[in-house]
Amino acid sequence: MLHSQLESCLRECVQDLLPDADLSQVILLPCRDTRFGDYQTSSLIALAKQRKLNPRQLASSVLEKLSLERLHIKAELAGPGFINFHILPQAITENIAAACQSETPFVRRAKVSQSVVLDFSSPNIAKPMHVGHIRSTVLGSCLARLHRLIGNNVISDNHIGDWGTQFGKLLLGWKNHLDKVALEKDPIGEMERLYKLVNAATEADETVLEEARAELVKLQSGDPENFGIWQQMVRLSQSQFDTLYSRLGVAFDYTLGESFYNDRLKGVVDDLVAKGIARESEGAYVVFFDDKPELAPHPAIVQKRDGAFNYASTDLATLEYRTQNWKPDQILYITDGRQQLHFKQIFTTFNRWKGNTHVKLVHVWFGTILGNDGKPFKTRSGEVIKLADLLNEAEERALSVVSEKNPDLPEETRRNIARVVGIGAVKYADLLPSRQSDYQFSWDKMLAFNGNTAPYLLYAYARIRSIFRKNQDEFSSSFKPESIEDKDLIFSTPQELSLAKHLFSFGITLEQVAEDSRPNILCNYLYDLAGLFASFYENCPVLKAIDSEKTSRLVLCHLTAKVLQMGLHTLGLETLEEM
RNA sequence: GCGCGAGUAGCUCAAUUGGAUAGAGCGUCAGCCUCCGAAGCUGAAGGUUAAGGGUUCGAUCCCCUUCUCGCGUACCA
């Protein structure tokens, strides 16, 4: 990989000159403004400053020591102490030819494979998955794919909400008001109806609430009848989840819900109390954070006054289980930003409880999806939007667009295109905004065929595939990328050069995404790639070119398609041969 | 009150975490189909990055003050 080779060279030079320098501070990045060069480092300015050296002088001594002939890169000193690097033509052909040999071109596998646990999606039993589950599910599965692609070891775990006080009301409703026909037809809808029914009744009548509590206590103490009903509710819900996950192309290695940790909760709290981490306060067991100013006003309850456990105790038990059984290097929790305080409490408590385990705990939080009015996205009547309805509408809208643009395609083909485009558009629209900000949901923007959208990227891919179909039909020539050598290649137009160089940055982009769990960086990279391809496509005829020019352009098409496909798959999108 | 976010072109959003002249899409205006998919491409106009101060070679980004909005803040997750 050109970038990492160059960065290593740079670091070696710095080490020779300043043996005690922290090399992780020496960073090489693709140039923002390509007029200056292809790669740039500004690290030497900072380094010189720390040591009270003249930045330009330091940069110039580094420059003298750098020998880049082997890499075919030209370097120059600029401004207050930048070094700009220009990729020479030989480096481009060599690296493009090398990429042709790879199954995953331009991707750099991790030197040391990390073990990463991802906690995402986490829907609740007996409730429909709704718009609020999109971001966690889409972002989480994207990160899982990303870590696998760059060579990490991934364990995804769906921590479903299958235990809690709501089951008292559900059980009461199930026993007294269950409509078996409705349950058959729409299990989640029926369970939701039961919950709402009983919930309303409890508000009107105190005794109903008592009955519900009694059912909950029976469930918790292992009453066979209630346990059996609960199992049914879990099974019915899980099958609905599975339907949605399959539409979304999402899979989990484990589904260990809250109930899995039931029999560990008491032990967790006992241990916390024994170690002096939690203590009794106002009847509850509570962890205080007096030594941490930001958390001092926010103690965490690990066992409620009525003796019940809550999500803090469950999350601690879960964390203990995961670290003991899976020994991960990192655990990523992909949830709503509103849980920031909760996870700060959990992480702090866990570190105090288990000492300094090496596991890195990260709360990957995200903002809210808003409607056109800038308020949380709801239906007109104020209801939460169900995920299934959202996906249906996305596919319907996509189908009507495809049918309008391409009426001659058979219906089955159009439906498949609509599926890929519709679901892809939902996912892409969710991953594109920087995750910590809220974003405004818009069908029109999402399914537009221009701008930074899924359809635009899928279109770029489909156009490339169309070139290869035509190449075979009309020219009956077969194209074998694996037999390409650098001497077969020549790139001369600015469009070819920009496109080729942008391909080189795929690997570093993936690493940046993994570093901060920010897929929008990948979205923007792919959008730029598609844009560069589009202008290459306008300016550089492929099939009409001859000899090495044609080969070179076919290679660029091939690698662009490959990178687009890898990138889109990482985001969770399928690709289409035609659309 | 405290904490976490957000405030960037008319609108919706970016900006490689301190880099050189802040970028896209929509909308507006002007061009490009006897040419591999026009679902595309090229160009123009549009900015005191909420306001003010500070740090330095350099600030949308870091620090301080102020304003506006969202979320969280002892027993729901």
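Per chain, numbering begins at 1; letters A, B, ... match sequence-line order. Since the model is a prediction, treat every value here as computed from it, not as a measurement.
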Here's a test of your reading of the structure: between A:Glu577 and A:Gln303, which maps to the more 5' nucleotide of RNA chain B? A:Glu577
Test of understanding: with ring pair (Phe, Tyr, Trp, His ring centres under 6.0 Å), list the residues that count as partners of A:Tyr285, not counting sequence neighbours. none
For RNA chain B, what residues of residues 467-477 of chain A have any heavy atom nearer than 4.0 Å? A:Ile467, A:Lys470
Return whichever of A:Tyr439 or A:Ser466 has its heavy-atom-nearest nucleotide of RNA chain B closer to the 5' end. A:Tyr439
Distance check: side-chain N/O of A:Arg518 vs OP1/OP2 of B:A15, anything under 4.0 Å? yes
P-based separation of B:C64 from B:C2 [nearest Å]: 13 Å
Distance between the C1' atoms of B:G58 and B:A20, in whole angstroms? 8 Å
Set out, line by line, the N/O atom pairs under 3.5 Å between protein and nucleotides 25-32 of chain B.
from  : atom 1 : to       : atom 2 : distance (Å)
B:C26 : OP1    : A:Asn450 : ND2    : 2.9

So which of residues 42-50 of chain A are in contact with RNA chain B, with a heavy-atom cut-off of under 4.0 Å? A:Ser42, A:Ile45, A:Lys49
May I have all residue pairs that pass salt bridge (charged side-chain N to carboxylate O under 4.0 Å, His left out) and include part of residues 426-436 of chain A, sequence neighbours excluded? A:Arg135-A:Asp430
Can you figure out which of B:G37, B:U12, B:C4 approaches the side chain of A:Gln440 most closely? B:U12
A:Arg305 near the nucleic acid: base, sugar-phosphate alone, or nothing, with a heavy-atom cut-off under 4.0 Å? base
Paired runs of 3 or more consecutive Watson-Crick or G-U pairs involving RNA chain B, with both pairing distances under 3.5 Å, are B:1-7 with B:67-73, B:10-13 with B:23-26, B:28-32 with B:40-44, B:50-54 with B:62-66
Side-chain donor/acceptor contact of A:Tyr459 with base of B:A39 under 3.5 Å: no
